[in-house]
Amino acid sequence: MEIALKIILVIASLGLIAAVLLQPGKSAGLSGAISGGAEHLFGKQKARGLELFLSRLTMGLAVVFFVLSLVVAYFVKSV
């Protein structure tokens with residue numbers, strides 16, 4: 001069971017890496033560093049389509065990765 005959880009954890013981590021790398025950049029350059037955070041914070045740019053899907057996929061995979069990490073750590077500790 002421990003080996004299966006570790007394999008699932010590796011798959012989830014690779015999926016999380018791929019989902020983060022597939023997301024497009026919000027802004028580029030110095031102007032993006034200054035104004036990009038404010039636009040993201042106040043919701044001036046709404047994610048649609050593929051961006052929304054990748055954002056939700058990233059959040060889901062992050063939760064799965066975090067939970068699986070805790071479960072694997074519990075099983076390794078108890079052995």
Side-chain angles (χ1 to χ4, degrees):
M1 171 128 180
E2 180 182 339
I3 295 174
L5 286 173
K6 286 181 181 180
I7 291 171
I8 295 171
L9 181 64
V10 169
I11 292 170
S13 65
L14 292 174
L16 182 60
I17 291 168
V20 168
L21 289 177
L22 284 174
Q23 289 183 2
K26 299 293 180 189
S27 299
L30 184 59
S31 64
I34 296 170
S35 66
E39 289 177 3
H40 182 69
L41 180 64
F42 297 118
K44 291 184 180 179
Q45 292 181 341
K46 300 283 185 184
R48 292 197 173 106
L50 184 61
E51 291 179 15
L52 179 63
F53 173 73
L54 285 174
S55 175
R56 289 183 179 169
L57 180 67
T58 303
M59 286 189 288
L61 285 172
V63 169
V64 168
F65 177 77
F66 183 72
V67 170
L68 279 174
S69 297
L70 291 175
V71 170
V72 168
Y74 176 75
F75 278 116
V76 169
K77 178 185 160 193
S78 66
V79 170

List the atom pairs, with distances to 0.1 Å, where a side-chain N or O of residues 56-72 and a protein N or O form a donor-acceptor pair under 3.5 Å, not counting sequence neighbours.
from  : atom 1 : to    : atom 2 : distance (Å)
Thr58 : OG1    : Gln23 : NE2    : 2.7
Thr58 : OG1    : Leu54 : O      : 2.7
Ser69 : OG     : Phe65 : O      : 2.8

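- Applying the salt bridge (Lys or Arg N to Asp or Glu O under 4.0 Å) test to pairs two or more places apart or on separate chains, those with a residue in residues 4-15 are Glu2-Lys6.
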List the atom pairs, donor and acceptor, that lie under 3.5 Å between side-chain atoms in residues 13-22 and the rest of the protein, sequence neighbours left out.
from  : atom 1 : to    : atom 2 : distance (Å)
Ser13 : OG     : Leu9  : O      : 3.3
Ser13 : OG     : Val10 : O      : 2.7

